[in-house]
Structure formats: structure tokens, C-alpha cells
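See below for the structure under consideration.
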Amino acid sequence: KAGVTQTPRYLIKTRGQQVTLSCSPISGHRSVSWYQQTPGQGLQFLFEYFSETQRNKGNFPGRFSGRQFSNSRSEMNVSTLELGDSALYLCASTPDGLSGVYEQYFGPGTRLTVT
Amino acid sequence: GESVGLHLPTLSVQEGDNSIINCAYSNSASDYFIWYKQESGKGPQFIIDIRSNMDKRQGQRVTVLLNKTVKHLSLQIAATQPGDSAVYFCAENRPGSARQLTFGSGTQLTVLP
């Protein structure tokens with residue numbers, strides 16, 4: 001079974017631009033979560049989607065948004081990029097959308113550099 | 001504020017020795033904990049998990065211990081191998097935050113030949 005895939009793997013953008021990152025979960029997984037990883041802040045939760053609905057949201061500004069499609073694929077968007085948005089963005093999928101199953105499988109991440 | 005944190009940022013061990021990586025958590029109501037391994041250029045890889053109603057769980061060469069009295073979590077790796085070199089994170093699931101894991105800052109494990 002293929003793992004979580006993320007595209008693109010690397011991205012360079014300029015301040016003020018916007019960016020869209022994509023995540024394809026493991027087949028059959030319905031919950032997708034996004035995390036930001038930086039050396040200073042570590043791994044921080046952005047949001048989680050299940051059945052095309054945002055179910056949880058972390059403490060990030062409204063510039064960070066996401067969505068999920070009917071096939072469970074998810075995208076996240078960052079508008080008006082800032083230098084501090086440079087990070088590794090990780091997507092994780094979970095087998096079961098119901099409570100009681102928490103194991104998350106991570107993709108390789110998208111390395112975003114904002115110049 | 002409440003957080004999941006690690007005692008040591010780096011740990012070096014000789015190949016073949018056992019490794020112990022520690023983690024402190026502050027939310028006594030957290031009900032689920034996971035250890036992840038992250039190699040350079042890769043996403044975190046699930047190692048082992050434990051629920052709060054357990055105090056020990058074993059996997060292949062790994063054991064996780066949970067001490068709820070002092071809110072401490074540890075990962076023991078037996079017969080550490082060069083391929084074990086990576087950053088190890090503990091993560092907790094806090095009540096009311098299904099699938100919103102809170103991660104510790106990570107410990108860099110280096111296996112010496």
C-alpha cells in the first residue's frame with residue numbers, strides 16, 4: 001500500500017506570494033492533518049480534515065487554510081507569505097475518522113522557503 | 001504553559017548498547033502517547049504508542065514506559081544500531097483534541113561505531 005505522498009517536495013517563493021501544497025493520504029484513510037515543522041517551534045498542528053470538513057484547527061493565522069476533496073486528498077494554502085513561513089510542511093493521514101484511533105502516518109513533507 | 005518536552009536535546013550511544021530517550025508531559029489528562037522517529041529529509045515515522053491505561057508496551061527492539069505519577073514517558077531501544085540515528089519525538093493526545101497531536105521538541109540520537 002502506498003504511503004502518504006506530498007507535492008511538491010521543495011518550493012521557493014517570494015514574500016507576499018501565495019502557495020498551495022498537496023497531500024494524498026494512504027488509500028482508505030479519511031482523516032488528514034497538517035503540521036508545520038521549524039527548528040525554533042518544532043512540530044505544530046495546523047488543522048485536520050475529515051470528510052471534506054475541517055474538524056480541528058491549531059493556532060495559526062487565517063492566512064493558512066486548507067481543504068479536503070471527496071477522495072480524501074487535501075490541499076493547504078498559505079497566502080501573503082512571510083519569511084517566517086519557511087518550514088517543512090507535513091501531512092499525516094489516519095485510518096479511521098472515528099474516535100479511538102490516533103495513529104498518524106506522515107508524508108515526507110514539502111520544504112517551503114520564502115525569500 | 002503546558003507542553004510536552006524532552007529532557008535532553010542530544011544523546012550519543014555506542015552501537016550495540018541500549019538507548020533511553022525521555023519525555024516529560026504536563027497535561028495529566030492526556031490519554032494517548034506516541035513516539036516518532038524522524039530521519040533527515042523524511043517525515044516522522046511511527047515507532048510505538050501507548051494509552052494512558054497502560055504503563056508499558058513492547059515492540060520490536062523498542063519499549064515505551066509510561067509513569068503517570070510523575071508524567072514521564074520513555075523510549076528504550078535495545079541493541080542500538082547505526083540505522084537508529086535520528087531525531088525522536090514524543091507526542092501526546094490531549095483530551096478534546098482528537099488527532100491534534102502535541103509534539104515535544106525532539107532528541108537527536110547518534111549511534112557511535
Side-chain angles (χ1 to χ4, degrees), chain A residues 3-7 9-10 21 23-26 29-51 53-60 68 74 87-111, chain B residues 1-10 21 23-25 27 29-54 57 59 62 64 66 73 86-108:
Chain A
V4 178
T5 58
Q6 293 187 245
T7 57
R9 291 294 312 278
Y10 302 92
L21 312 181
C23 170
S24 292
I26 293 171
H29 287 197
R30 299 167 64 194
S31 169
V32 174
S33 298
W34 288 89
Y35 291 83
Q36 181 196 65
Q37 186 175 29
T38 60
Q41 299 298 319
L43 273 153
Q44 293 186 292
F45 174 80
L46 280 157
F47 27 65
E48 185 239 351
Y49 285 87
F50 173 71
S51 290
T53 302
Q54 187 181 88
R55 192 163 56 173
N56 287 303
K57 189 177 190 303
N59 295 322
F60 278 82
Q68 186 180 34
S74 178
L88 180 68
Y89 289 89
L90 292 158
C91 166
S93 73
T94 306
D96 194 329
L98 303 176
S99 62
V101 179
Y102 301 106
E103 185 178 323
Q104 296 191 349
Y105 296 87
F106 281 84
T110 294
R111 173 71 63 185
Chain B
E2 296 184 321
S3 64
V4 175
L6 297 176
H7 292 314
L8 298 172
T10 62
I21 301 172
C23 176
Y25 65 95
N27 192 327
S30 291
D31 59 358
Y32 180 72
F33 304 87
I34 308 177
W35 280 101
Y36 283 95
K37 170 187 180 183
Q38 188 174 24
E39 297 174 278
S40 181
K42 298 182 179 180
Q45 177 188 357
F46 174 90
I47 301 173
I48 192 168
D49 60 358
I50 188 168
R51 296 194 182 279
S52 58
N53 61 353
M54 304 170 68
R57 190 160 189 230
V62 295
V64 55
L66 176 63
L73 194 68
V87 177
Y88 289 81
F89 294 95
C90 64
E92 65 176 329
N93 186 85
R94 295 176 176 176
S97 62
R99 279 167 216 83
Q100 180 176 336
L101 294 175
T102 300
F103 282 82
S105 54
T107 292
Q108 172 70 59

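All of these numbers come straight from a predicted model, not from anything done at the bench. Here is how names work: the chains are called A, B, and so on, in the same order as the sequence lines, proteins then strands, and each is numbered from 1.
- Interface remark: Leu46(A) contributes no atoms to any contact with chain B (heavy atom separation under 4.5 Å).
- A perpendicular orientation is assigned to the rings of Phe106(A) and Tyr36(B), their planes being inclined by more than 60° (bins at 30° and 60°).
- Among all heavy-atom pairs drawn from Leu66(B) and Leu73(B), the shortest one is CD1-CD1, 3.7 Å.
- Ring orientation note: the planes of Phe89(B) and Phe103(B) are nearly perpendicular, at an angle over 60° on the 30°/60° scale.
- Heavy atoms closer than 4.5 Å to chain A are found in the side chain of Gln38(B), but not in its backbone.
- With a threshold of 4.5 angstrom between heavy atoms, Leu43(A) approaches chain B through its backbone and through its side chain.
- Among Gly43(B), Gly41(B), Pro44(B), the residue making the largest number of heavy-atom pairs under 4.5 Å with chain A is Pro44(B).
- If you measure heavy-atom distances from Gln41(A) to chain B, you find no contacts under 4.5 Å at all.
- Below 30°, between 30° and 60°, or above 60°: for His29(A) and Tyr105(A) the angle between ring planes is between 30° and 60°, a tilted geometry.
- By the 4.5 Å heavy-atom criterion applied to side chains, Tyr88(B) and Cys23(B) are not counted as neighbours.
- Contacts between Arg111(A) and chain B at a heavy-atom distance below 4.5 Å are absent for every atom of the residue.
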